[in-house]
Amino acid sequence: MDRRSFLAASAAALVTPRTTRTLATDPFTLGVASGDPSADGFVLWTRLAADPLSGDGRGGMPSRDVDVEWQVAADERFSTVVRSGTAAARPGAAHSVHVEVAGLEPGRDYFYRFRSEGRVSPAGRTRTAPAGEAPLTFAVAACAHYEHGYYGAYRRLAEQEPELVVFLGDYMYEYAPSGYTALAGRVRTHSPGKCETLADYRLRHAQYKSDPDLQAAHAVAPWLAAFDDHEIENNWAGDVSSTGAAGFTRRRADAFRAYYENMPLRRGSLQGAVLRVNRRVSWGTLARFHLLDTRQFRDDQACLDGVRAGCDERLDARRTLLGAGQWRWLEEGLRGSGTRWNLLGQQIMMAQRDYKVGPGREVNLDSWDGYAAERTRLLGSLAGTSNPVVLTGDAHMHHLAELKTDFDDPDAPVVARELVTTSIASDGDGYRDRTWIAEALQENPHISFIDQRRGYLMARLTRDELSVDFRTLDYISRKGAPARTAHRVTIPASERPPSQAARDAAAAHAGPPGRD
């Protein structure tokens with residue numbers, strides 16, 4: 001049996017279910033997932049929902065704890081179970097389960113499943129990180145607006161069987177039906193109303209999780225996931241609502257709670273009203289992933305947000321995107337990293353991006369362009385880091401960019417590459433406006449590739465190079481589109497020590513670190 005077959009046929013190999021059933025329907029309607037792999041384990045997730053679209057957000061589950069058995073096996077037929085146990089799915093946590101498994105062998109596949117109320121879940125495949133310098137195949141994805149199209153990109157991603165999926169935000173969208181309309185129109189319909197309460201967010205997550213293509217992408221590999229803005233509200237910043245609506249602190253806390261309940265995150269990530277998604281995950285000695293949070297600790301957007309020209313406020317050295325605490329955490333992680341590669345997974349475009357054709361400049365103040373001084377400081381830190389690469393979501397277009405300490409100086413050293421993935425579904429089918437692309441590339445010479453279609457990145461990382469395929473689908477307004485490689489880039493590893501010139505240039509352009 002190959003790995004794809006086991007995802008569809010795992011039920012045939014399951015142990016005999018209990019005869020007593022207290023739920024009339026299958027509670028495993030939202031699938032299974034795993035995440036945050038270490039050398040000896042990972043997180044396993046599921047959420048029981050007998051009626052996932054129940055309007056109260058409780059998934060049609062009873063108001064009592066429900067026991068959930070879990071198994072981890074060395075083989076896809078579960079003939080060799082290596083870890084097992086029972087967890088309580090509690091109504092206060094939307095009957096979600098987060099199991100942190102440890103004590104396993106490094107660098108190998110494992111298979112897992114759950115059983116509850118006489119029912120057995122689909123099986124998933126996951127993987128532990130290696131102990132040494134093993135190659136890695138990983139996917140990068142972001143931005144999956146349910147109304148804008150089918151999740152064919154998730155399905156194609158799953159078919160390529162990566163060992164890891166890095167998801168960089170906008171897993172779900174908070175808008176009411178037709179609250180954000182794509183060019184292709186509305187293909188599917190959101191659950192009623194804009195997400196404002198805990199029940200709203202739970203229901204919307206359940207709607208998204210009910211999609212079989214998304215379930216396949218979760219079941220094929222462990223995920224490293226972080227939120228952006230739409231998991232809470234468009235363009236929120238710190239404790240500031242983009243709409244100015246009252247009660248945002250409560251709403252954000254509810255959205256964080258629902259996000260945790262529906263994602264394969266470690267239990268310690270939810271800390272009261274704070275959800276910590278900035279974290280480091282190492283893939284042996286080959287790579288360290290530094291996942292950032294570019295929302296929760298930032299200053300409000302400059303000059304009333306949007307794409308604007310002439311905003312001097314964005315250049316203020318006191319403005320922070322990461323917050324001082326996260327900044328120190330990142331600096332320590334970069335300095336202390338002994339891996340060959342350092343991959344920053346983050347949500348918003350880091351490269352300078354001029355949207356105005358011709359004289360003058362217009363930039364997106366929600367991106368790193370709105371926090372230019374802190375970006376320069378960060379790029380200075382990357383200049384002293386072994387083989388840094390930035391992975392980015394949000395833009396709904398593929399981009400390949402060079403990151404420089406001074407984007408206006410053609411001779412400024414390149415300190416890293418930025419790989420921006422397009423969206424899974426957001427903005428509908430997409431298109432290729434060759435004239436627009438040519439103008440954008442001419443205006444931004446440090447950007448070498450743009451594609452406006454939907455898709456994802458598929459990457460192969462070794463000691464010597466990072467090879468990346470920019471994958472695209474021609475349409476998502478209907479099912480069945482194949483995925484193709486629109487562009488391929490190979491980034492060789494550098495054997496040279498970090499550039500002192502780049503560090504000096506960064507120090508000359510930057511001010512003090514951001515404040516908390």
Side-chain angles (χ1 to χ4, degrees), residues 140 168 292 294 307-309 311 314-315 321 342-385 387-422 433-452 457 459 465-468 470 486-494 496 498-499 501-510:
V140 183
L168 297 174
L292 304 185
T294 59
V307 177
R308 299 182 186 275
C311 177
R314 75 184 185 89
L315 306 175
L321 184 70
N342 286 275
L343 309 178
L344 270 70
Q346 55 99 51
Q347 294 74 29
I348 52 176
M349 194 158 180
M350 190 173 289
Q352 180 174 283
R353 177 73 162 83
D354 183 3
Y355 288 83
K356 182 177 175 57
V357 176
R361 177 177 297 155
E362 293 180 348
V363 298
N364 179 3
L365 298 172
D366 186 58
S367 73
W368 279 94
D369 275 326
Y371 306 80
E374 186 162 274
R375 172 177 61 192
T376 304
R377 288 192 296 274
L378 175 55
L379 294 179
S381 295
L382 294 184
T385 301
N387 294 307
V389 176
V390 176
L391 310 173
T392 301
D394 184 63
H396 301 182
M397 300 180 194
H398 284 318
H399 289 73
L400 172 61
E402 295 178 332
L403 297 176
K404 309 168 71 172
T405 53
D406 184 352
F407 290 98
D408 297 323
D409 179 1
D411 297 323
V414 176
V415 301
R417 269 43 178 208
E418 182 175 19
L419 307 170
V420 183
T421 183
T422 188
D433 186 334
R434 297 183 183 276
T435 299
W436 185 92
I437 292 173
E439 291 174 343
L441 295 178
Q442 183 176 5
E443 203 66 37
N444 300 273
H446 52 282
I447 300 175
S448 58
F449 173 71
I450 297 175
D451 195 300
Q452 299 149 314
L457 304 180
E465 65 183 28
L466 172 63
S467 178
V468 182
F470 290 80
H487 187 68
R488 178 172 293 155
V489 63
T490 298
I491 301 171
S494 174
R496 297 172 297 175
S499 167
R503 294 197 296 270
D504 292 344
H509 285 87

Could you go step by step and tell me if Asn444 and Arg353 meet the side chain to side chain contact (heavy atoms under 4.5 Å, CB included) rule? CA-CA 7 Å; Asn444 300 273; Arg353 177 73 162 83; 3.7 Å; yes
About how many Å separate [atom2] of [Y] and [atom1] of [X], when rounded to the nearest 0.5 Å?
X	Y	atom1	atom2	answer
Leu400	Leu419	CG	CG	6.0 Å
Gln352	Trp368	CD	CH2	14.5 Å
His396	Gln452	NE2	CD	13.0 Å
Arg434	Ile450	CZ	CD1	13.0 Å
Leu292	Leu378	CG	CG	7.5 Å
Leu441	His399	CG	NE2	8.5 Å

For [X] and [Y], which heavy atoms make the closest approach, and how far apart are they?
X	Y	answer
Ala395	Val420	CB-CG1, 3.9 Å
Thr405	Ala412	OG1-CB, 4.4 Å
Leu315	Ala373	O-CB, 4.1 Å
Gly360	Asp354	O-OD2, 3.4 Å
Ala351	Phe407	CA-CZ, 3.8 Å
Ala486	Asp451	CB-OD2, 3.7 Å

I'd like to know whether Ile447 forms a side chain to side chain contact (heavy atoms under 4.5 Å, CB included) with Met349, so could you lay out the CA-CA distance, the side-chain angles of the two residues, the decisive distance to 0.1 Å, and finally the verdict. CA-CA 12 Å; Ile447 300 175; Met349 194 158 180; 3.8 Å; yes
Got a salt bridge between Arg308 and Glu362, using NZ or NE/NH1/NH2 to carboxylate O under 4.0 Å? no
In terms of side-chain geometry, is the basic nitrogen of Asp369 or Arg361 positioned less than 4.0 Å from the acidic oxygen of its partner? no
Side chain proximity check, Leu382 to Leu344, heavy atoms < 4.5 angstrom: yes
Mutual orientation of the aromatic rings belonging to His398 and Phe470 [parallel < 30°, tilted 30-60°, perpendicular > 60°]: perpendicular
So, Asn364 side chain and Asp366 main chain: donor-acceptor pair closer than 3.5 Å or not? yes
Test your reading of the model: is there a side-chain donor-acceptor pair from Glu418 to the backbone of Met350, 3.5 Å cut-off? yes
Thr294 side chain to Gln347 side chain, donor-acceptor N/O pair below 3.5 angstrom: yes
Would you please say whether a donor-acceptor pair under 3.5 Å links the side chains of Thr392 and Gln346? yes
So, is the end of the Arg375 side chain (NZ or CZ) under 6.0 Å from the ring centre of Tyr371 and within 45° of the ring's axis? no
